[in-house]
J.: 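I have a structure here, written as structure tokens, and I will follow up with some questions on it.
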Number of protein chains: 2
Amino acid sequence: MATMQDVSRRAGVAVSTVSRVLNGTAKISQATKDAVFKAVEELNYRPNVLAQSLSRQQTNTIGLVIPRGAAVSQYLSQLIEKCQETADQSGKFLLISQAFNQPDGAVQSIRALVDRRCDAVLYYHNSFFDQSNINEDILSDLIDEFQVPLVVMNRQLPKHPNHSVWLDNVKNASLPVEYLIKQGHQRIAYIAAPLNQKTSQERLQGYQQVLAEYGLEVDPLLIRQAVRSYQGGYQACRELIQSNTDFTALCCFNDQMAIGALKALHEAGLSVPEDVSLFGLDNEEILDFFEPGISSVSQPVHEFVAHSMRLLLAHLNNSPLTDSRQNTFSGELVLRGSVRSLNNKG
Amino acid sequence: MATMQDVSRRAGVAVSTVSRVLNGTAKISQATKDAVFKAVEELNYRPNVLAQSLSRQQTNTIGLVIPRGAAVSQYLSQLIEKCQETADQSGKFLLISQAFNQPDGAVQSIRALVDRRCDAVLYYHNSFFDQSNINEDILSDLIDEFQVPLVVMNRQLPKHPNHSVWLDNVKNASLPVEYLIKQGHQRIAYIAAPLNQKTSQERLQGYQQVLAEYGLEVDPLLIRQAVRSYQGGYQACRELIQSNTDFTALCCFNDQMAIGALKALHEAGLSVPEDVSLFGLDNEEILDFFEPGISSVSQPVHEFVAHSMRLLLAHLNNSPLTDSRQNTFSGELVLRGSVRSLNNKG
DNA sequence: CTGAAAGCGCTTACAG
DNA sequence: CTGAAAGCGCTTACAG
């Protein structure tokens, strides 16, 4: 590939002049400009971004680390999309990298991006393998270690309030439960994701808290646990039904599990919402296309990402964090055909 | 951040020695090694990959360009996943970048990755905005222009057979139609994606070809067109039903549209498969969770990607393209509850 | 086994 | 307005 030196020779000027012309970083006579552009054209010259970055000591790049294999959900797609959009607006190139779903997988990926001198790194934390609190400490250490700004999405880091943005899982999971109770439901079942995952713990907590608030018993028989997938929801719901425990409503960790649960309910001859009211969480578009439509909780992905990016850019520009907004976001109920009220029942 | 020079000073050796120790690229006395590693440790030194790449004239990186906003589908997630896996295996770092869904959006993204000196670039072509054949020519020109190997997935490039890998859309779309005909169906409707998209044209062609082969009339009233989405499939199917045209089976451009169509059929009081047999295409996992399960055609994503990567690496290593396999892949029928035979009907 | 030097392809004070 | 030179942080012949 042609280098700047090739261009300079062809145009009969110094490389520094070529650089200035291309970057518009000084007043240059029209004649020289023309000569340079002509040479650039003829040689089909394109600057080597690596060399530029090394020299400028910045890459104009934001790194985004996402969990591997999780791109399946509409939620994460939207999130990536919004990151891209924001990066574009700030004139930053977004580099996306997938991390292994393990504590050190994420660290490795973040490091790789830092080693490539991304100006800043955004890390979406997935709680798939979020055993204990190991990650929290690791992440906090990374933030301390790096000169490069790092913002963690989807994980609360008490030591670094300005480096983490998260969704209020407790709140989000509590919304459907509270709604159902107000509609007269008392026996509300819950299907959790594996409880070694923090997100799963928090959502279950939301469920339990509301029950307690309203003085309802938390019946362990109504709580099931399964892997995060359609199939997991299906299995858990089957077990729930086979256990012969009465329930008039079912809330699930997320939409995927609710979709699986719906199938199990139908197979067992239970109709939704007549026999069981059903809730997912995430509000994926597809919920409208089930019979009945599955109710859910929307996640404020756009605001969530926009705020994360604002934080990141503020760090990057050393500008004050004027945005006084909290770093936590919660969603809203989205009702579809899958729920009914028991109040008129007497 | 600490540089190699900092390390060399601290260890009391030359930078070249530090480099050699770190890269294991020469015999070095244990004493010096120890000193270097100690300094590295103390300074928390990490090599600047930018500088390494510039110096080595290679980045050990593969760029992957994917369409923006299309990460929603399980199909594309799997594809990305598989790219990542293959890149990992070859010891390459995979850099993912999203392109605008426009001809020049893709070109820009590819160029950006080349400018960053990716060793090779993989481009997944999305036919969303694939008007006319403009892209084919643009892509072929790019391949000619670049020194960097570029492999295009999901687009046939006649001028560059060794730079393109694609799915046989005609074949894939024909499979359900042929199956249905053998089951006695004669009035088979089809919902297409916008026909300015090449993929959509090809799949429609598959549908038409089979009908012709079996001497069945291609009734234009049975063919509908809509945007690629759940909602699009839903709308198109509603129109189809309202048009009062008889049909006993319906094939859709993809799974999403079939899911939308299923809803429209149910709303109209038509049952699947009793009144209408239904087919999607892509075979997403979720199809199992509808009632009935929606039949589809699986796409051989893994083989498709594996082959693309093999091509790419062969270009990269200047090794002969020993893999004599065709650069085109087709899928297989996956039957679920949504289809029935009319043959025993008499 | 190790060092000094040149080079990768740019940018940017420093002069003029 | 433009050039020569130093520097970004590495690697790699070339010597010894």
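Chain naming here is simple, since letters A, B, ... match the order of the sequence lines and numbering starts at 1 in each.
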J.: Using the rule given for side-chain hydrogen bond (donor to acceptor under 3.5 Å, both in side chains), can you reason through Asn162(A) versus His315(A), listing the C-alpha separation, both sets of side-chain angles and the distance that settles it, and then say yes or no?
T.: CA-CA 9 Å; Asn162(A) 287 326; His315(A) 284 298; 5.9 Å; no
J.: At less than 4.0 Å, is any side-chain N or O atom of Ser19(B) found next to OP1 or OP2 of dC10(D)? Yes or no.
T.: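 Answer is no, no contact under 4.0 Å.
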J.: Name the residue closer to the 5' end of DNA chain C, choosing between Lys33(B) and Arg56(B) according to the nucleotide with the nearest heavy atom.
T.: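 Whichever sits nearer the 5' end wins; that is Lys33(B).
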J.: Over how many whole Å does the gap from Arg9(A) atom CZ to dC10(C) atom P extend?
T.: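 Whole-Å distance recorded here is 12 Å.
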J.: Which of residues 43-50 of chain A have a heavy atom under 4.0 Å from DNA chain C?
T.: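 Tyr45(A), Arg46(A), Pro47(A), Asn48(A), in order of number.
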J.: So Phe304(B) and Tyr124(B), would you call those rings parallel, tilted or perpendicular, with 30° and 60° as cut-offs?
T.: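 It falls in the perpendicular class, over 60°.
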J.: Mind checking Thr3(B) for me? I need base, sugar-phosphate or nothing, with any heavy atom below 4.0 Å counting as a touch.
T.: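 The answer is sugar-phosphate, as Thr3(B) gets under 4.0 Å only of primed atoms, P, OP1 or OP2.
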J.: Give a yes/no answer on whether the side chain of Gln57(A) brings an N or O atom under 4.0 Å of OP1 or OP2 in dT12(C).
T.: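 Answer is no, no contact under 4.0 Å.
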J.: What's the closest nucleotide to the side chain of Asn23(A) if the choices are dT11(C), dG3(D), dT11(D)?
T.: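 For Asn23(A), the side-chain atoms sit closest to dT11(C).
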J.: Establish, from distance only, whether the side-chain atoms of Ser19(B) and Ser16(B) form a donor-acceptor pair under 3.5 Å.
T.: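 No pair is found: no donor N or O on one side chain lies under 3.5 Å from an acceptor on the other.
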J.: Do Arg155(A) and Asn126(A) have side-chain N/O donor and acceptor atoms under 3.5 Å apart?
T.: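 Absent: no donor and acceptor within the cut-off.
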J.: Select from Gln52(A) and Ala26(B) the residue whose nearest nucleotide in DNA chain C is closer to the 5' end of that strand.
T.: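 Closest to the 5' end, via its nearest nucleotide, is Ala26(B).
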J.: Is it the case that the side chains of Asp119(A) and Thr61(A) hold a donor-acceptor pair, with the cut-off being a distance below 3.5 Å and no angle test?
T.: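 No - no donor-acceptor pair under 3.5 Å links their side chains.
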J.: Just checking Thr25(A): base, sugar-phosphate only, or nothing, at a heavy-atom cut-off of under 4.0 Å?
T.: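 Nothing, no nucleic acid heavy atom in range.
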J.: Which one, dC8(D), dT2(D), dG7(C), comes nearest to the side chain of Ser55(B)?
T.: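 Nearest nucleotide to the side chain: dG7(C).
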J.: Please pick, from dA4(C), dT11(D), dC10(C), the nucleotide with the shortest atom-to-atom distance to any side-chain atom of Ala51(A).
T.: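 Minimum distance to the Ala51(A) side chain belongs to dC10(C).
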J.: Taking the six-membered ring of Phe146(B), is NZ or CZ of Arg111(B) closer than 6.0 Å to its centre and within 45° of its axis?
T.: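 No cation-pi geometry.
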J.: Can a side chain N or O of Ser16(B) be found less than 4.0 Å away from OP1 or OP2 on dG3(C)?
T.: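 Answer is no, no contact under 4.0 Å.
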J.: Considering only NZ, NE, NH1 and NH2 on the basic side and carboxylate oxygens on the acidic side, decide whether Lys82(B) and Glu85(B) come within less than 4.0 Å.
T.: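 Yes, Lys82(B) and Glu85(B) are salt-bridged.
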J.: Identify all stems in which DNA chain C takes part, counting only runs of at least 3 consecutive pairs (Watson-Crick or G-U wobble, each distance under 3.5 Å), and give each as one range with another, ordered by first number.
T.: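 Stem list for DNA chain C: C:1-3 with D:14-16, C:5-12 with D:5-12, C:14-16 with D:1-3.
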J.: Is Asp88(B) salt-bridged to Arg68(A), going by a charged N under 4.0 Å from an acidic O?
T.: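 The answer is yes: the pair qualifies as a salt bridge.
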J.: Looking at Tyr45(B), does the NZ or CZ of Arg10(B) lie under 6.0 angstrom from its six-membered ring centre and within 45 degrees of the ring axis?
T.: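 No, Arg10(B) does not sit over the ring of Tyr45(B).
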J.: What contact category does Ser29(A) fall into here, base, sugar-phosphate, or nothing, at under 4.0 angstrom with non-hydrogen atoms?
T.: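 Sugar-phosphate contact only.
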J.: Can a donor-acceptor pair be found between the side chains of Asn48(A) and Gln52(A) at a distance below 3.5 Å?
T.: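 Note: Asn48(A) and Gln52(A) side chains miss the donor-acceptor criterion.
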J.: Side chain of Met4(B), heavy atoms from C-beta onward: which of dC10(D), dG9(C), dC1(C) has the nearest atom to it?
T.: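 From the listed options, dC10(D) comes nearest.
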J.: Report the distance from atom CG of Asn60(A) to atom P of dC8(D), rounded to the nearest whole Å.
T.: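 Roughly 21 Å, once rounded to whole Å.
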J.: Rounded to whole Å, how long is the line connecting atom CZ of Arg20(B) with atom P of dC10(D)?
T.: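 Taking CZ of Arg20(B) and P of dC10(D), I get 15 Å after rounding.
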J.: Kindly point out which of dT11(D), dT11(C), dG3(D) is positioned nearest to the side chain of Val15(A)?
T.: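 So the side chain of Val15(A) is nearest to dT11(C).
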J.: The side chain of Thr32(A) lies closest to which of these nucleotides: dG9(D), dC1(D), dA4(D)?
T.: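 Closest nucleotide among those given: dC1(D).
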